[in-house]
Asker: 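Before anything else, here's the structure in question.
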Amino acid sequence: MLVEVSKQANLPTRFGNFIIQSFKENEKEHLVIMKGEISDEINVRIHSECLTGDALGSLKCDCRDQLKASLRYIEANGGMVIYLRQEGRGIGLFNKVNAYNLQDNGFDTLEANLKLGFKDDERDYKIVDFILEYYKIKSVRLLTNNPLKLKAISKDVKRIPLIMQSNEYNKQYLKVKSCKMGHMLNE
């Protein structure tokens with residue numbers, strides 16, 4: 001795996017003052033947002049890019065709420081958010097919009113991906129192990145509800161639940177994530 005690593009820089013945000021560092025994997029440029037000392041055991045959120053949720057505030061998902069909660073948690077407790085550039089569960093923005101169109105016509109989020117010829121989740125987490133190894137992290141307290149993320153990391157992993165309130169637009173989406181994709185949302 002050929003990965004370029006940027007210098008570190010300060011990033012003041014609405015959630016606190018962080019240190020950022022970018023990891024360039026081919027054409028994908030991922031971002032690590034850190035707070036506090038990086039020890040061999042650390043709090044981590046692996047967050048996959050969601051332009052519609054993270055930047056535009058879409059109510060169709062819980063991505064923005066999870067990102068905000070994670071940044072607040074990292075600000076208070078230290079750790080890092082690993083922001084991965086794999087939009088729409090890895091199908092890209094163009095296909096995500098097409099999946100949204102199918103959802104507007106009655107398909108759920110999983111069915112829409114399958115209808116477009118993709119797996120239910122096309123994301124890849126290999127870069128996460130590279131990043132954790134780069135910082136010499138041996139053990140992770142992972143902010144997640146996603147069982148795939150728990151299995152994807154080769155380090156010792158403990159889970160911190162990250163449960164968000166549903167709204168009228170994402171209630172069905174969260175139900176599909178729980179019932180069909182095994183997300184641990186009922187804790």
Side-chain angles (χ1 to χ4, degrees), residues 1-4 22-33 44-70 81-133 140 142-155 157 159 161-187:
M1 175 182 290
L2 181 60
V3 179
E4 295 178 62
S22 182
F23 291 75
K24 185 173 182 180
E25 174 192 27
N26 301 319
E27 66 278 349
K28 290 185 178 178
E29 297 175 332
H30 311 289
L31 186 67
V32 175
I33 307 151
V44 174
R45 165 71 183 164
I46 301 168
H47 191 88
S48 296
E49 176 181 30
C50 176
L51 178 72
T52 52
D54 297 342
L56 303 177
S58 168
L59 298 174
K60 293 180 95 159
C61 62
D62 60 344
C63 299
R64 183 181 184 149
D65 292 340
Q66 288 186 325
L67 180 59
K68 287 170 57 178
S70 298
V81 173
I82 301 174
Y83 193 91
L84 299 180
R85 303 294 303 275
Q86 45 186 358
E87 177 74 43
R89 284 196 204 116
I91 67 173
L93 183 60
F94 182 89
N95 291 311
K96 179 180 176 178
V97 173
N98 286 333
Y100 273 8
N101 175 269
L102 288 169
Q103 292 171 36
D104 290 344
N105 289 290
F107 292 88
D108 68 33
T109 181
L110 190 145
E111 294 167 342
N113 277 21
L114 297 175
K115 180 86 173 162
L116 291 171
F118 298 105
K119 294 186 283 189
D120 56 339
D121 194 333
E122 294 275 348
R123 290 178 287 187
D124 182 324
Y125 299 103
K126 290 181 192 134
I127 189 69
V128 173
D129 270 337
F130 179 91
I131 291 169
L132 295 175
E133 197 64 39
V140 169
L142 189 62
L143 289 92
T144 191
N145 306 317
N146 186 340
L148 292 178
K149 289 180 183 176
L150 292 167
K151 292 177 189 167
I153 300 173
S154 66
K155 307 294 180 189
V157 181
R159 177 176 170 251
L162 193 59
I163 310 296
M164 301 293 108
Q165 285 287 112
S166 65
N167 64 57
E168 67 178 289
Y169 300 101
N170 72 8
K171 191 174 288 189
Q172 182 61 27
Y173 166 83
L174 294 175
K175 184 177 177 184
V176 169
K177 282 175 72 172
S178 176
C179 294
K180 291 186 174 181
M181 301 175 79
H183 286 227
M184 298 161 273
L185 301 177
N186 299 316
E187 297 175 3

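Position 1 is the first residue of the sequence, and the numbers go up from there.
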Asker: How would you list all residue pairs meeting ring-ring contact (aromatic ring centres under 6.0 Å, His included) that involve residues 82-109, not counting sequence neighbours?
Answerer: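 Only H47-Y83 qualify under ring-ring contact (aromatic ring centres under 6.0 Å, His included).
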
Asker: With a 4.5 Å cut-off on side-chain heavy atoms, are R123 and K149 touching?
Answerer: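 Sidechains of R123 and K149: in contact.
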
Asker: To check you understand the geometry: which heavy-atom pair defines the closest contact between L84 and V128, and what is its length?
Answerer: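 Minimum heavy-atom separation between L84 and V128: CD1-CG2, 3.8 Å.
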
Asker: Kindly indicate whether the side chain of L132, heavy atoms from C-beta on, has any atom under 4.5 Å from the side chain of I82.
Answerer: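 Yes - at least one pair of side-chain heavy atoms lies under 4.5 Å apart.
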
Asker: Could you measure the distance from the CG atom of D120 to the CG atom of L114? Nearest 0.5 Å is fine.
Answerer: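 The CG atom of D120 sits 6.0 Å away from the CG atom of L114.
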
Asker: How long is the straight-line distance from CG of N145 back to CD of Q66, given to the nearest 0.5 Å?
Answerer: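 Reported value, rounded in 0.5 Å steps: 6.0 Å.
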
Asker: I'd like to know if D104 pairs up with K60 as an ion pair, taking the criterion as any Lys NZ or Arg NE/NH1/NH2 lying under 4.0 Å from an Asp or Glu carboxylate oxygen.
Answerer: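 Salt bridge between D104 and K60, a charged N being under 4.0 Å from a carboxylate O: yes.
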
Asker: Identify the residue among V44, I46, L150 that makes a side chain to side chain contact (heavy atoms under 4.5 Å, CB included) with T144.
Answerer: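 Between T144 and the candidates, side chain to side chain contact (heavy atoms under 4.5 Å, CB included) is satisfied uniquely by L150.
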
Asker: Side-chain contact test, heavy atoms from C-beta onward, threshold under 4.5 Å: evaluate it for R64 versus C50 and give yes or no.
Answerer: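 The answer is no, as the side chains (C-beta and beyond) never meet within the 4.5 Å cut-off.
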
Asker: Should we count NZ of K175 as having more than 12 external heavy atoms under 6.0 Å?
Answerer: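 Count not over threshold, so no.
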
Asker: Working to the nearest 0.5 Å, report the span between CG of N113 and CD of E122.
Answerer: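 Result: 7.5 Å between the selected atoms.
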
Asker: Quick one: does Q103's side chain get under 4.5 Å of Q172's, heavy atoms only?
Answerer: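 They are not in side-chain contact.
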
Asker: How would you list, by chain and number, every residue that makes a side-chain hydrogen bond (donor to acceptor under 3.5 Å, both in side chains) with E25, sequence neighbours excluded?
Answerer: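 Listed in chain order: H30.
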
Asker: If you look at every heavy atom in S48 and D54, which pair is closest and at what distance?
Answerer: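 Closest heavy-atom pair between S48 and D54: O-OD2, 4.2 Å.
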
Asker: To the nearest 0.5 Å, what is the distance between CG (L174) and CE (M164)?
Answerer: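 It is 10.5 Å, given to the nearest 0.5 Å.
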
Asker: For V140 versus K155, what's the shortest heavy-atom pair and its separation?
Answerer: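 Nearest heavy atoms, V140 then K155: CG2-CB, 4.5 Å.
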
Asker: Is there side-chain contact between L51 and E87, with heavy atoms separated by less than 4.5 Å?
Answerer: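 Touching, per the 4.5 Å side-chain cut-off.
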
Asker: Report the distance from atom CG of L59 to atom OH of Y173, rounding to the nearest 0.5 Å.
Answerer: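 Here the interatomic distance stands at 12.5 Å.
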
Asker: How many angstroms lie between atom CG of L142 and atom CG of L162, to the nearest 0.5 angstrom?
Answerer: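 Result: 9.5 Å between the selected atoms.
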
Asker: Heavy atoms, side chains only, cut-off 4.5 Å: are E133 and D129 in contact?
Answerer: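 No, too far: nothing below the 4.5 Å cut-off.
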
Asker: Using a strict threshold of under 4.0 Å (side-chain N to carboxylate O), is an ion pair present between D62 and K177?
Answerer: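 The answer is yes: the pair qualifies as a salt bridge.
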
Asker: side-chain contact (heavy atoms from CB on, under 4.5 Å) for R85 and E27? Distances and angles first, verdict last.
Answerer: CA-CA 10 Å; R85 303 294 303 275; E27 66 278 349; over 6 Å; no

Asker: Report the residue from K115, K171, K180 that forms a salt bridge (Lys or Arg N to Asp or Glu O under 4.0 Å) with D108.
Answerer: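 The salt bridge (Lys or Arg N to Asp or Glu O under 4.0 Å) with D108 is passed solely by K180 among K115, K171, K180.
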
Asker: Tell me, yes or no, whether the heavy-atom count around K24 atom NZ, taken from other residues, nucleotides or ligands under 6.0 Å, exceeds 12.
Answerer: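 No, the 6.0 Å shell around NZ holds no more than 12 heavy atoms from other groups.
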
Asker: So which heavy atom on L110 is nearest to which on M181, and how close?
Answerer: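 So the minimum-distance heavy-atom pair works out to CD1-CG, 3.6 Å.
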
Asker: State, with a plain yes or no, whether a side-chain heavy atom of Q86 is found less than 4.5 Å away from one of Y125.
Answerer: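 Answer yes - side chains close enough.
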
Asker: Heavy atoms only: give me the nearest A99-I91 pair and the separation to one decimal.
Answerer: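 Heavy atoms only, the tightest pair is CB-CD1, 4.4 Å.
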
Asker: I need the minimum non-hydrogen distance between I163 and R159, along with the two atoms involved.
Answerer: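 Scanning both residues, the minimum pair turns out to be CD1-NH2, 4.4 Å.
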
